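For reference, the structure discussed in these notes is given below.
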Amino acid sequence: MDQKGYRRGSFQSATSDEDMLEIAGASMDFSMADDDPPLDREMGGFSSYNGGGMNGTSTMMDFLEEPLPGVGTYEDFNTIDWVREKSRDRDRHREITNRSKESTWALLHSVSDAFSGWLLMLLIGLLAGSLAGLIDISAHWMTDLKEGVCLAGFWFNHEHCCWKSNTTFTDRDKCPEWKSWSQLILGHGEGAFAYILNYLMYVIWALMFSLLAVLLVKGFAPYACGSGIPEIKTILSGFIIRGYLGKWTLVIKTITLVLAVSSGLSLGKEGPLVHVACCCGNILCHLFTKYRKNEAKRREVLSAAAAAGVSVAFGAPIGGVLFSLEEVSYYFPLKTLWRSFFAALVAAFTLRSINPFGNSRLVLFYVEFHMPWHLLELVPFILLGIFGGLWGAFFIRSNIAWCRRRKTTRLGKYPVLEVLVVTAITAILAFPNEYTRMSTSELISELFNDCGILDSSKLCEYVNDFNSTKGDDLPDRAAGPGVYTAMWQLALALIMKVFITIFTFGMKVPSGLFIPSMAVGAIAGRLLGVAVEQLAFYHHDWPIFSGWCSQGADCITPGLYAMVGAAACLGGVTRMTVSLVVIMFELTGGLEYIVPLMAAAMTSKWVADAIGREGIYDAHIRLNGYPFLEAKEEFSHKTRAMDVMRPRKNDPPLTVITQDSMSVEDVETIVGSTTYSGYPVVVSRTSQRLVGFVLRRDLIISIENARKKQDGIVSTSVICFTDYCPPLPPSSPSVLKLRSILDLSPFTVTDETPMEIVVDIFRKLGLRQCLVTHNGKLLGIITKKDVLKHIAQMANQDPDSILFN
């Protein structure tokens, strides 16, 4: 094989060979000045590219002696060719290595090229950690702004405002520097009118924040809405969505994420932080040629950036690496594992240096439990796992049904109104209940908390008998009236969170799912934990308690149940297992609770998988019709390549280009009359012997530049894809040689190849299409879209559901 020709032009068809794809908001394209020439989106008109500054060549000279800008790049909403991209990177690396032996300068260039990956990880970690700190501090301040303002400085949140106050520990939240809106406007904070005013100000601020967020998203960066993880999974699998990880998306997502979280909607910032970190990675890739010009290398960087995003979201660097490996990455070599670890480390260190919560911790709900768990407690832990699985399956089905209704009805035409209505309902229901009024992160922090002597929360209002205390450990005690009040309020909060989250996730504002899922599980866990604690206190002589929970002992930790419940519900929704357990124990700082977490996470996954196989991100990928081949699912049907390939029976024959007998006009006619993204090249129409594959985009750019830059190229010029063209009469116009843009080694299978092998090939090699032959003759083509349609048909789903919408 001619490696030089392959490297420059071996470029295969797009995911969609039938049509080019459109998406709302595609006008927000990332700047492509460095690696993508401007190209007319209507592929029929060939007047888009303004030449590459190449000198005209003589009659039989190969026009593409040097790589032409734009040749070998990708259209928007197409899939990259992993095989070709890796081949290009190997050739580039081989060339740098050979040159490094020639001079000191070349050696230094080789060293800097090797070091550039680590430098890029350092920059991503610093930027992601800094943005996460900014988001945390801003969201904390704006959340408190709904309830009041600090007179010592309006930029202080409630907690920081009261740091220098001389109030007692029990009244630490009632310092004179912090004024509620009723105190500020009416001069007092007691009474029905003051309560109504505070209520009204809470709802108005929430509506203002959410309105600003949705208007910014709609007006400047439509891609900034939602979680971003389904799209990042699709992009990491090789799909191109220009602008999704661009500069505008980063700026608007950062701002609107603060606004959305501060509005009190049932959403979290953890999922969108992965999107923010990937935006940082994509933008910083443009500083390094190696990553800017190679889509496969860029996706390795994005995998590491996703790890950094989870690292700053949860303060869990190792969990972030495992999350990227388990949940989002499509191609994850060992080198990427190390770089992900480094990026996650730098990001966590940066966030720790900023110290956004003032407690030297990376997250608001960091806790430490001191009492060991007992083997019999595995029963309630597994019950929490079952609850998490049931809730996860219920949430996914309900949310997907609502999102489908939003896409197919008039509801989707009014995103601003939808956001305002949901915000108003959330704020009106949330304010009367102190556990829904506080931010979800603070709620989880309170639920995880292990009650101590100085805790003033209602959850810790037990009947105290200090004669039986031993040091700092408090024994199990009878619940006081505050605990029973808190239980009712938490039960109401649970019902509200379960239903309101269904309508919130998927709206046109940045919305993560980690925190609301954890909140649902933490509430359920705390309720169960208090119930078991009281059961053990009043019935310590029962056989199940008598062996390990004597009277006056500290046996049950309700906060641990909340943590296990949070893990179970998050696992039920996302179907994470290993990374989830690691994230949760990094949150708590305790290794001894791994077994309860593992039991709950696995039970949750088994129960949820029994009801529906898809996690929330996979379900949204399918809903949006992204071309994503799920590597976790097996294809077990006995079909063959000939059953899936096109053309089918009664279809017109496959559109092909011959290697040396078609004119420029003939090829332009084919390109103008079809919407395919590439064409097989054969010896002749009669023999159908396969020569290679050429991409539509490369043909358009090459022909246009040849017409402008090469003398004698006219409509009747013959296009030749071989080294030696057939002799022509002396009066014939110049021959246009385009062998350089021909992929001489397209992937082929025979017509009898089982489809399970074809599907495996597409998954593991990241192919965009493969050609089907019989005894060396071209029969048809199978594209990634054909494979996805076939899988949908075999699963009794609508095959058109995979069309990107």
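Just so we're clear, the structure is a prediction, and the values are computed from it rather than from any experiment. Just so it is clear, the values below take in all heavy atoms, side chains as well, and ignore hydrogens, waters and symmetry mates.
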Practice task
Could I get the full list of side chain to side chain contact (heavy atoms under 4.5 Å, CB included) partners for Glu147, not counting sequence neighbours?
Solution key: Tyr202, Arg437
Handout entry: Side chains of Phe395 and Val498 in contact at under 4.5 Å (non-hydrogen atoms)
Key = no
Problem - Separation between CD1 of Ile252 and CG of Leu257, rounded to the nearest 0.5 Å - result: 12.5 Å
Handout entry: From NZ (Lys269) to OG (Ser227), nearest 0.5 Å
Key = 14.0 Å
Practice task
Evaluate the pair Cys161, Cys150 and indicate whether the two SG atoms are within a distance below 2.5 Å.
Solution key: yes
Handout entry: Distance-only donor-acceptor check, side chains Tyr435 and Gln489, under 3.5 Å
Key = no
Practice task
Look at atom NZ of Lys508 and say whether more than 12 heavy atoms of other residues, nucleotides or ligands are closer to it than 6.0 Å.
Solution key: no
Practice task
Step through it carefully: locate the ring centre of Phe209, locate the ring centre of Trp205, and say whether they are under 6.0 Å apart.
Solution key: yes
Exercise for the section: Specify whether Phe499 and Phe394 have parallel, tilted or perpendicular ring planes, treating 30° as the upper limit for parallel and 60° as the lower limit for perpendicular. Expected result: perpendicular
Fill in the blank from the handout: Those residues at least two apart in sequence (or on a different chain) that pass side chain to side chain donor-acceptor pair (under 3.5 Å) with Ser210 are Thr423
Exercise for the section: Check the side chains of Ser182 and Asn198 for a donor-acceptor pair under 3.5 angstrom, ignoring hydrogens and angles. Expected result: yes
Practice task
Kindly state each residue pair satisfying side chain to side chain donor-acceptor pair (under 3.5 Å) with at least one member in residues 348-358, sequence neighbours excluded.
Solution key: none
Handout entry: Tyr199, OH: over 12 other non-hydrogen atoms inside 6.0 angstrom
Key = yes
Handout entry: Geometric class of the Tyr617/Phe514 ring pair [parallel <30°, tilted 30-60°, perpendicular >60°]
Key = tilted
